[in-house]
There are 2 protein chains.
Amino acid sequence: MTLISSLADHIERYIKALLDQTEQRSLEIRRVELAELFECVPSQINYVLKTRFSNERGYIVESRRGGGGYIRIIRLEPRHRRDICTWIYETVGDSIEAEEAEGLLAQLLDHDHLSRKDAVVIRSLLTQETQGLEKTLANRARAVLLRSMLLLLLHGS
Amino acid sequence: MTLISSLADHIERYIKALLDQTEQRSLEIRRVELAELFECVPSQINYVLKTRFSNERGYIVESRRGGGGYIRIIRLEPRHRRDICTWIYETVGDSIEAEEAEGLLAQLLDHDHLSRKDAVVIRSLLTQETQGLEKTLANRARAVLLRSMLLLLLHGS
DNA sequence: ATACAGATGGTCAGTAAAGGTCAAACAGAA
DNA sequence: TTCTGTTTGACCTTTACTGACCATCTGTAT
């Protein structure tokens, strides 16, 4: 992973480690406590949740305010191997934004359906082949490419 | 080419030395730091990356802006594999006919750079994604797809 | 019930900290 | 000269982080 890390990266890793460690599907935290642990303002936690634990990336975040408030982070269940192709077709569709594509890759990575190396190559090729294209066109090209590359890899093993 | 090595050459050698030295296949740098080290403007680093660490040469460069930003340089494959990648870039080009593509696949199969199964999937995807397109367009789409899929397989584990 | 207080978390806009782009100037070789 | 590759700097985009202010929940006193 990254050697150079921002605070947000550290918090992200910490939360993911907790999720892995507890073998639970979900995890509850108190915003202030996490903020104190990392010596930052509480809103930093929201930033991390928003950017790293989005729905796109396969997480659901629930929370409650007031006394006894909490933030619950839920990692969505990985798809079964068999269903993944269908899911990819649905998610990618005819057109996909760069951010959505990244979310999809992140999710596949999270659940070990994709190697880090393959993800890196896919990202690079997507960027390379869509740069300079007009947005609508880029989104279509990205969809075709992403779909093909993922299906190719999944059919392989 | 200048007799005396240009600054860009020095930076290139420095980065390659770091890659060799660390035995890693990737390396992270901070653009400003490298620029300070070589006493040049930061954009000089971009120039070096663009001209010396391109995809065609077997490297992938990822980066992130903002606080805690970085540039990651990944060396994908040893020399001979990189040569194959270069050859693929040249052979496929911007546009490729179906028969040419088939010839390329056959050659890669012959030399065991491609499994039979992968070839089957690639053929299927190429057909599926280009059918119905006007010929010129189909040839372009085929080129982009073929290139991406082959490079992905060759770079992957 | 109502009202208030304390305890949480949420939002948003502003600032800072990276890296990216592009075109013009420059330098060497043919 | 002319062509190609190098170097620079002004300006742009993205990401991270903070803090002031807002919304919501619980509990308790009236």
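Below, chains carry the letters A, B, ... as their sequence lines are ordered, and counting in each starts from 1.
- No hydrogens or angles considered: a donor-acceptor pair under 3.5 Å links the side chains of B:T136 and B:E134.
- Whole-Å rounding puts the B:L7 CG to C:dA27 P distance at 14 Å.
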task = Give the intermediate values and the outcome of side chain to side chain contact (heavy atoms under 4.5 Å, CB included) for residues A:V120 and A:D118.
result = CA-CA 5 Å; A:V120 164; A:D118 283 336; over 6 Å; no
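- The separation between B:R30 atom CZ and D:dA16 atom C1' is 12 Å, rounded to whole Å.
- Cluster partners of A:Y47: none. The rule joins Ile, Leu, Val, Met, Phe, Trp and Tyr whenever side-chain heavy atoms lie under 4.5 Å apart, and it links nothing here.
- For DNA chain D, the residues of residues 65-72 of chain A within the heavy-atom distance limit of 4.0 Å (strictly under) are A:R65, A:G66, A:G67, sorted by number.
- Among the nucleotides C:dG19, C:dG9, D:dA16, the one closest to any side-chain atom of A:S6 is D:dA16.
- In terms of modelled atom types and a separation under 3.5 Å, the side chain of B:D9 and the main chain of B:S6 share a donor-acceptor contact.
- Here the P atom of nucleotide C:dG20 and the CD atom of A:Q131 are 13 Å apart, to the nearest Å.
- Counting side-chain heavy-atom gaps under 4.5 Å among Ile, Leu, Val, Met, Phe, Trp and Tyr, the cluster of A:I60 also holds A:I74, A:L76.
- Residues that satisfy the side chain to side chain donor-acceptor pair (under 3.5 Å) test with A:E129, not counting sequence neighbours, are B:R147.
- A:E62 has its CD atom 13 Å from the P atom of D:dC25, to the nearest Å.
- Atom pair A:K50:NZ and D:dA16:P shows a separation of 12 Å (rounding to whole Å applied).
- Residues of residues 38-49 of chain A that place a heavy atom closer than 4.0 Å to DNA chain D, in numerical order, are A:C40, A:V41, A:S43, A:Q44, A:Y47.
- When rounded to the nearest whole Å, the span between CG of A:D9 and C1' of C:dA17 equals 14 Å.
- The side chain to side chain donor-acceptor pair (under 3.5 Å) test applied to A:R13 returns A:S5, not counting sequence neighbours.
- For the pair B:K16 and B:Y59, the cation-pi test (distance below 6.0 Å, angle within 45°) is failed.
- Between A:E12 atom CD and D:dA16 atom C1' there is a gap of 13 Å when expressed in whole angstrom units.
- For the pair A:E62 (side chain) and A:R72 (backbone), a donor-acceptor distance under 3.5 Å is absent.
- Distances shown here put every side-chain N or O of A:R31 at or beyond 4.0 Å from the OP1 or OP2 atom of C:dA7.
- Contact between the side-chain N/O atoms of B:R64 and the OP1/OP2 oxygens of C:dG19 is not found at any separation under 4.0 Å.
- Proximity of B:R52 to the phosphate of D:dT6: a side-chain N or O atom is located under 4.0 Å from OP1 or OP2.
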